[in-house]
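Everything below concerns the one structure shown next.
Ligands are counted one by one from 1 in listed order, and the atoms in each one are counted from 1 as well.
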Amino acid sequence: MQFALIDDIAVHYDFRPAGAGASDAGPVIVFINSLGTDLRIWDEVKTRLGSDRAVLTYDKRGHGLSGIGATPYTIERLAHDLIGLLEKLSIARAVLCGLSVGGLVAQGVHALRPDLVAGLVLSNTAHKIGTAEMWNARMEAIGKDGLASILDTTMPRWFTPAFRVPDNAAYAGYRAMFARQPLDGYIATCAALREADYTAAARAITVPTLCIVGDQDGSTPPDLVRELAGLIHGARFEVIAGAGHIPNVEQPAAYTDLLRQFLQQIPPHIPQGD
Ligand SMILES: O=C(O)CC1=CCC(=O)O1
């Protein structure tokens, strides 16, 4: 377990450098988790990627083992946390792969510090997710009855019926992951989602971008992610079959294949100066 102090909180992260025999000196891949999850959602994709690349995963503020800090949040606040973590780890250039709110954080980092971003994988995300009414209703419901009270309405957006079966131990595990997130952190992140509109920022993206969605995503459906891709110059749009909102968990092989193809397009970093 690794922790770094970033502003008012300790951020929990896991940095795995590229293996000694790595053939590719490309940028670090940074994975940014979604609302109600922690860094473990990337375990299977990390394993499949192997040790050719350095990989950073972390729990965004208010999730997993990271601190909660001052609430409510903004996407900018979450983006500053990642910028702080990249600086602490001396990572000068990264491919950011953000899932859902993580995709908004990736867009936020690009808007604030484009120099840090070699490419973007915007997964099951959008320039704007949901409506103010929707987020207010969700915040009110869980403020009253807790996160477990929305488990049975959340899981059908995250996972396909084939995954949501009683004899799937992984499904039980992801239900537990959701229900055990800190309530204050979850609500503070809903507030950030409610306020976020990255339409103009998406139009200004200049780095290679891959937009991914699961064909059965109930939170950011394919048409919405296609709309995001349409805003970004040259962005590629890919749909993963047999997946909901978290295709990296449900279809890790297909997800990793798309990532690998995309990473081949990103040139290795040529250090400037001296
Ligand atoms: O609807 C959900 O719970 C999924 C979701 C929306 C934003 C995010 O990060 O996850």
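Under a 4.0 Å criterion applied to the non-hydrogen atoms of Trp158, ligand 1 contributes the atoms 2 (C), 3 (O), 4 (C). Applying the 4.0 Å criterion to heavy atoms of Ser219 picks out, from ligand 1, the atoms 1 (O), 2 (C), 4 (C). Close approach to Ser34 involves these atoms of ligand 1, each under 4.0 Å from a residue heavy atom: 9 (O). Interface of Val101 with ligand 1, defined as ligand atoms under 4.0 Å from a residue heavy atom, comprises 8 (C), 9 (O).
Partner Ser100 forms a side-chain contact (heavy atoms from CB on, under 4.5 Å) with one of Ile129, Ile32, Leu35, Leu122 and no other, that one being Ile129. Exactly one of Thr37, Asp38, Asp43 qualifies for a side-chain hydrogen bond (donor to acceptor under 3.5 Å, both in side chains) with Arg40. That residue is Asp38.
Using a non-hydrogen distance threshold of 4.0 Å, Lys60 does not register as a contact of ligand 1.
Backbone and side-chain nitrogen or oxygen atoms of Trp135 are examined, and none is located within less than 3.5 angstrom of a nitrogen or oxygen of ligand 1. Inclusion of Leu35 in the set of residues having an N or O under 3.5 Å from an N or O of ligand 1 is warranted. For ligand 1, the polar-atom distance check finds no N/O of Gly102 at less than 3.5 Å from any of the ligand's N/O atoms. In terms of polar-atom proximity, Thr154 is not counted as a contact of ligand 1, lacking any N or O under 3.5 Å from an N or O of the ligand. At least one N/O-N/O distance between Arg138 and ligand 1 falls below 3.5 Å.
Residue Tyr13 holds its OH atom at 4.5 Å from CD of Gln2, rounded to the nearest 0.5 Å. Rounding to the nearest 0.5 Å places OG1 of Thr57 at 7.5 Å from NE2 of His12.
A salt bridge links Glu44 and Arg48; the closest N-O separation between the charged side-chain nitrogens and carboxylate oxygens is under 4.0 Å. With respect to Asp257 and Arg260, no salt bridge is recorded, no charged nitrogen being found less than 4.0 Å from a carboxylate O.
What sits closest to atom 10 (O) of ligand 1 on the protein, heavy atoms only, is Ser100 OG, 3.0 Å.
In the hydrophobic clustering of this structure, Leu39 does not group with Leu56; members are Ile, Leu, Val, Met, Phe, Trp, Tyr whose side-chain heavy atoms approach within less than 4.5 Å, directly or through other members.
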Compile the donor-acceptor pairs under 3.5 Å between side chains in residues 207-219 and protein atoms, sequence neighbours left out, one pair per line.
| unit_1 | atom_1 | unit_2 | atom_2 | d |
| --- | --- | --- | --- | --- |
| Thr209 | OG1 | Val207 | O | 2.9 |
| Asp215 | OD1 | Gly242 | N | 3.0 |
| Asp215 | OD1 | Ala243 | N | 3.2 |
| Asp215 | OD2 | Gly242 | N | 3.3 |
| Asp217 | OD1 | Ser219 | N | 2.7 |
| Asp217 | OD1 | Thr220 | N | 2.9 |
| Asp217 | OD1 | His245 | ND1 | 3.0 |
| Asp217 | OD2 | Asn124 | ND2 | 2.8 |
| Asp217 | OD2 | Thr220 | OG1 | 2.8 |
| Asp217 | OD2 | His245 | ND1 | 2.9 |
| Ser219 | OG | Arg157 | NE | 3.4 |

